[in-house]
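Please read the structure below before turning to the comments.
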Amino acid sequence: MSHGYFQHEGITFPGLLYSPRGIEAAREFPVYDDDVFNVTYQKSGTVWMLEILSLIHSNGDPQWVQSVPNWDRGPWLETLLGLRRARGCPRPRLLSSHLPVQLFPKAFFGSKAKVIYTVRNPKDVLVSLYHFARIFRPYKDPGTLEQFMERFLQGDVPFGSWFDHVRGWMELRGQENFFCISYEELQQDLRGSVRRLCQFLDRPLGGAAVDAIVANASFAAMSSNRMSNFSLSPRFILDMRRGTFLRKGISGDWKNHLTPEQSARFDHVYRERMGGVGLTFPWDPP
Ligand code: A3P
């Protein structure tokens with residue numbers, strides 16, 4: 001079941017859950033200085049970061065993440081439902097978004113609100129998105145991985161081009177209310193990443209609280225937490241008979257899916273789109 005897609009300002013969105021009016025309303029969303037935005041290109045670790053930020057928010061106490069669904073803790077601004085939830089959130093608010101920077105709430109740019117932008121190896125994003133498109137009903141069937149990879153490389157997928165999204169958001173590097181972290185860094189050193197996030201958020205936490213965050217934001221803990229694993233999603237949104245939202249939770253799964261030729265084609269486009277822009281990432285070749 002697909003409700004088709006619409007284009008808004010050159011970006012593709014699914015017609016189920018999203019609308020041009022909703023995207024525009026998100027753009028006009030009033031922002032407070034104490035808002036914390038969890039921003040990603042989809043499949044880059046959004047719900048993982050949301051779990052970490054939720055746990056920081058509650059000083060490591062897992063009660064909140066174990067009793068409130070993640071979409072209520074940090075609503076996705078660009079969906080109509082998410083926007084309504086966001087308006088009702090008590091401050092300080094935690095808000096999530098996949099919007100490209102040019103469609104982000106305008107009021108953010110004159111505020112002291114904070115953005116945490118999580119990036120992930122785009123080959124792993126591709127593979128994760130390919131599997132996700134098969135269970136997320138608002139998305140069209142992805143076809144073969146080969147076909148889907150071409151659309152991904154051209155930016156012909158919901159939320160547009162990974163390359164444009166990352167390049168756009170990374171323009172904010174150096175601003176004191178912008179913090180960029182990678183999925184790979186979270187994987188390699190979750191504890192150190194949590195400490196850096198606490199520092200950025202001015203939320204100093206003790207060792208026991210950090211321990212609790214690391215334990216409760218693990219892939220295993222989130223997979224068995226009904227408030228975080230999307231098992232509460234209605235089937236017309238997420239068909240978990242075909243796969244789980246928390247699928248593998250590893251770095252480098254692309255190696256199990258892309259042929260050497262596909263990987264080389266990806267690298268070629270990556271170099272064309274990201275070469276010479278002065279960004280370095282954990283997945284860059286040595
Ligand atoms: P995979 O499909 O590769 O498993 P998003 O939240 O942006 O949609 O990203 C989803 C991806 O993040 C999925 O990747 C999911 O398994 C992974 N993920 C979510 N929570 C995680 C965790 N605690 N540890 C590692 N990966 C996690």
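Remember, it's 1-based here, ligands and their atoms both numbered in the order they're listed.
At least one N/O-N/O distance between Arg120 and ligand 1 falls below 3.5 Å. Between Met222 and ligand 1, no N or O atom pair is found at a separation short of 3.5 Å. In terms of N/O distances under 3.5 Å, ligand 1 is approached by Lys43.
Distances shorter than 4.0 angstrom do not occur between any heavy atom of Asp253 and any atom of ligand 1. For Phe245, the closest heavy-atom approach to ligand 1 falls below 4.0 Å.
Within ligand 1, the atoms closer than 4.0 Å to a non-hydrogen atom of Gly45 are 5 (P), 6 (O), 7 (O), 9 (O), numbered from 1 in the order shown. Atoms of ligand 1 found under 4.0 Å from any heavy atom of Thr46 (numbered from 1 in listed order, with element): 5 (P), 6 (O), 7 (O).
At a heavy-atom distance under 4.0 Å, only side-chain atoms of Tyr183, from C-beta outward, approach ligand 1. When non-hydrogen atoms are compared, ligand 1 lies under 4.0 Å from the backbone of Ser44 (N, CA, C, O) but not from its side chain.
For atom 13 (C) of ligand 1, the nearest non-hydrogen atom of the protein is Ser128 OG, 3.8 Å.
With respect to the salt-bridge test (charged N to carboxylate O, under 4.0 angstrom), the residues Arg73 and Glu51 qualify.
Aromatic ring pairs are classed by plane angle as parallel below 30°, tilted from 30° to 60° and perpendicular above 60°; the pair Phe136 and Phe132 is parallel.
For the salt bridge (Lys or Arg N to Asp or Glu O under 4.0 Å) with Arg265, the lone residue among Glu146, Glu272, Glu150 that qualifies is Glu150.
When the side chains of ILVMFWY residues are joined at heavy-atom separations under 4.5 Å, either directly or via intervening members, Val277 and Trp169 end up in a single hydrophobic cluster.
Cation-pi geometry between Lys43 and Phe245 is met: under 6.0 angstrom from the ring centre, within 45 degrees of the axis.
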